[in-house]
Amino acid sequence: MTKKLFIKTYGCQMNVYDSDRMTDVLAPLGYAPTSQADGADMVILNTCHIREKASEKVFSELGRLRMMKEHARDQQGRNVTIAVAGCVAQAEGEEITRRAPWVDIVVGPQTYHRLPELVSRADPAARTRAIDTEFPEEIKFDQLPGEHAPRGPAAFLSVQEGCDKFCAFCVVPYTRGAEFSRPAKGVIEEARRLVGSGTCELTLLGQNVNAYHGEAPDGSIWSLARLIRELAEIDGLHRIRYTTSHPLDMDDDLILAHRDIPALMPYLHLPVQSGSNHILEAMNRRHDRDAYFRVIDRLRDVRPDLALSGDFIVGFPGESDRDFADTLSLVDRVRYASAYSFKYSPRPGTPAAGEDLQVPEDVKSDRLEALQQLLNAQQYAFNQSTLGTRMDVLVERAGGRPGQVAGRSPYMQAVNLVGDETLVGRIVSCEVAEARQNSIVGSVL
Ligand code: SAH
Ligand code: SF4
Ligand code: F3S
């Protein structure tokens with residue numbers, strides 16, 4: 001009998017990828033995905049620990065799931081298995097079992113290939129729990145099933161995990177563990193399977209994806225640029241992206257790939273976090289603002305139409321008005337096509353959390369607002385600059401309204417088009433007819 005599996009995903013693209021892989025792992029056990037928690041036999045929360053808000057959400061969601069679980073048991077005589085996966089599971093496994101004893105399974109990002117075993121060990125009826133937050137010896141990717149459900153026209157593919165950079169604000173090195181690059185063979189095989197099932201755009205994922213140095217089929221070591229060159233040879237794979245990159249690892253090879261590989265899309269997410277040298281140093285980012293500018297300038301030399309995106313943190317401990325002004329001036333100089341910005345959130349166990357000189361909440365709010373105003377204006381200006389131009393759009397899904405479809409431009413802009421669902425999965429040539437704050441409207445040529 002098939003059982004229903006509901007997975008709720010928080011956090012980054014890597015978690016989106018992992019959620020799909022958990023679905024694949026559980027398929028042989030008879031679990032089929034469903035789109036709502038109500039009525040599900042198993043609910044997995046795939047969680048994010050990056051900021052306080054993200055991890056607190058998990059506990060309020062667990063409160064709701066407790067009621068659902070009790071209702072199913074008391075009213076329908078049915079057991080619901082509740083699992084917490086992802087980065088909160090890794091960081092706060094103990095805390096979860098203490099605060100939410102109705103959770104049956106706790107599994108970290110590096111052990112979800114063991115879910116079948118954990119499912120058989122956990123027994124909701126007998127209140128037996130299964131917990132696995134190890135960093136195992138075996139390579140998770142080698143243990144995951146080859147078969148997978150089709151992922152759609154644009155899919156993620158994890159090639160690198162973990163992080164050795166230890167930025168002073170960040171939990172990722174603790175929740176995901178040490179940097180690890182997947183051997184190229186498995187990556188290529190997975191890419192081929194995805195393309196065979198209808199995917200034509202791949203986004204290669206890693207917390208530090210441009211630090212990729214994976215074992216090649218001939219035993220040598222491949223850089224990310226080399227891997228991309230190989231993947232670009234796959235018939236039917238029309239678009240390649242990668243995220244997230246660190247400025248320090250943006251080597252010449254990769255920069256030149258943006259000139260030489262037509263399938264590599266003209267969009268790059270390159271977080272800088274701050275424009276102040278003093279704050280960059282305190283953050284342990286290991287480069288200054290000029291080094292960032294040099295990377296950007298070289299990229300734009302080889303690919304003038306490259307759209308840039310970034311991440312920013314305001315209110316890092318010790319950030320003065322002058323430091324913040326440096327961030328604004330950096331943004332001014334770079335001109336982003338889109339960006340994400342956050343108030344600094346002290347995270348347990350990270351060096352910056354214990355520092356004096358925490359910035360008051362209202363100052364953080366004011367700075368965030370000023371920064372977002374500037375970034376929004378830049379995004380709008382970028383969208384406007386594409387007005388009247390022609391571009392290829394990958395149609396990914398039905399649109400918000402009947403008779404509309406939605407997709408992405410080469411520059412990662414969200415695009416709405418008039419058209420029917422037969423266009424989904426196709427790359428269509430469009431003229432940009434309208435430019436808005438967060439999207440553009442294309443007319444099919
Ligand atoms: N590996 C990526 C970042 C992953 S986290 C990189 O190196 O760029 C995604 C973003 O969350 C970061 O770029 C940063 O802007 C933000 N972030 C991370 N820790 C944070 C914290 N403690 N408070 C606020 N924002 C944070
Ligand atoms: Fe976090 Fe820094 Fe590693 Fe990115 S590079 S995951 S921000 S520690
Ligand atoms: Fe969050 Fe973990 Fe990703 S902390 S951002 S889900 S790596």
Original post:
Should the heavy atoms of other residues, nucleotides or ligands under 6.0 Å from NZ of Lys53 be counted, would the total exceed 12?
Top reply: no

**OP:** Would you please say whether a donor-acceptor pair under 3.5 Å links the side chains of Gln379 and Ser338?
**Re:** no

**OP:** For atom CZ of Arg192, decide whether the heavy atoms of other residues, nucleotides or ligands shown that lie under 6.0 angstrom number more than 12.
**Re:** no

**OP:** For the residue pair Arg347 and Ser55, confirm or rule out a side-chain donor-acceptor distance under 3.5 Å.
**Re:** yes

Original post:
Where does the angle between the aromatic ring planes of Phe141 and Tyr17 fall among parallel (under 30°), tilted (30 to 60°) and perpendicular (over 60°)?
Top reply: tilted

**OP:** Report yes or no: does Arg408 contribute a side-chain atom to a donor-acceptor pair with the main-chain N or O of Met412 at less than 3.5 Å?
**Re:** yes

**OP:** Please determine if Arg21 forms a cation-pi arrangement with Tyr112, meaning its NZ or CZ atom is less than 6.0 Å from the six-membered ring centre and no more than 45° off the ring axis.
**Re:** no

Original post:
Are the charged groups of Arg367 and Asp323 less than 4.0 angstrom apart, N to O?
Top reply: no

**OP:** Answer yes if the side chains of Asn383 and Gln437 hold a donor-acceptor pair under 3.5 Å, and no otherwise.
**Re:** no

Original post:
Do Val295 and Leu270 come within less than 4.5 Å of each other through their side chains, counting heavy atoms only?
Top reply: yes

Subject >> Other residues, nucleotides, ligands: >12 heavy atoms within 6.0 Å of Glu355 CD >> reply: yes

Subject >> Minimum side-chain heavy-atom gap Glu61-Lys57 below 4.5 Å >> reply: no

Original post:
Do the side-chain N and O atoms of Arg289 and Ser274 include a donor-acceptor pair separated by under 3.5 angstrom?
Top reply: no

**OP:** Keeping the roles fixed (side chain from Lys140, backbone from Pro109), state whether a donor-acceptor pair exists under 3.5 Å.
**Re:** yes

Subject >> N-O pairing of Lys343 and Asp366 below 4.0 Å >> reply: no

Original post:
Just wondering, are more than 12 heavy atoms of other shown residues or ligands nearer than 6.0 Å to NZ in Lys69?
Top reply: yes

Original post:
What class does the angle between the rings of His287 and Tyr292 fall in, given that below 30° is parallel, 30 to 60° is tilted and above 60° is perpendicular?
Top reply: parallel

**OP:** May I ask you to check whether Tyr336 and Phe312 place their ring centers less than 6.0 Å from one another?
**Re:** yes

Original post:
Judged by atom type as modelled, is there a donor-acceptor pair below 3.5 Å linking the side chain of His213 to the main-chain atoms of Ala211?
Top reply: yes

Original post:
Considering residues, nucleotides and ligands other than Phe166, do more than 12 of their heavy atoms fall under 6.0 Å from its CZ?
Top reply: yes

**OP:** Count the heavy atoms belonging to other residues, nucleotides or ligands that lie under 6.0 Å from CD of Glu52, then report whether that count exceeds 12.
**Re:** no

Original post:
Between Asn15 and Tyr10, is any side-chain donor less than 3.5 angstrom from a side-chain acceptor?
Top reply: no

Subject >> Donor + acceptor pair across side chains of Ser19, Asn46 (<3.5 Å) >> reply: yes

**OP:** Check the surroundings of atom CD in Glu138: do more than 12 heavy atoms from other residues, nucleotides or ligands lie under 6.0 Å from it?
**Re:** yes

Original post:
Side chains of Asp326 and His278: do they bring a donor and an acceptor to under 3.5 Å?
Top reply: no

Original post:
With distance as the sole criterion, is a donor-acceptor pair present between the side chains of Asn210 and His246 under 3.5 Å?
Top reply: no

**OP:** Would you please say whether a donor-acceptor pair under 3.5 Å links the side chains of Tyr411 and Asp305?
**Re:** yes

Original post:
Is the ring centre of Phe316 less than 6.0 Å from the ring centre of Tyr344?
Top reply: yes

Original post:
Any side-chain heavy atom of Arg229 sitting closer than 4.5 Å to one from Asp253?
Top reply: yes

Original post:
Taking NZ, NE, NH1 and NH2 as the nitrogens, is one of them in Glu117 or Arg114 under 4.0 Å from a carboxylate oxygen of the other?
Top reply: no

Original post:
Relative to Phe293, does Arg333 satisfy both conditions: NZ or CZ under 6.0 angstrom from the six-membered ring centre, and within 45 degrees of the ring's axis?
Top reply: yes

Original post:
If you draw a 6.0 Å radius around CD in Glu369, do more than 12 non-hydrogen atoms from other residues or ligands fall strictly inside?
Top reply: no

Subject >> Face-on cation placement of Arg436 at Tyr380 ring, 6.0 Å and 45° thresholds >> reply: no

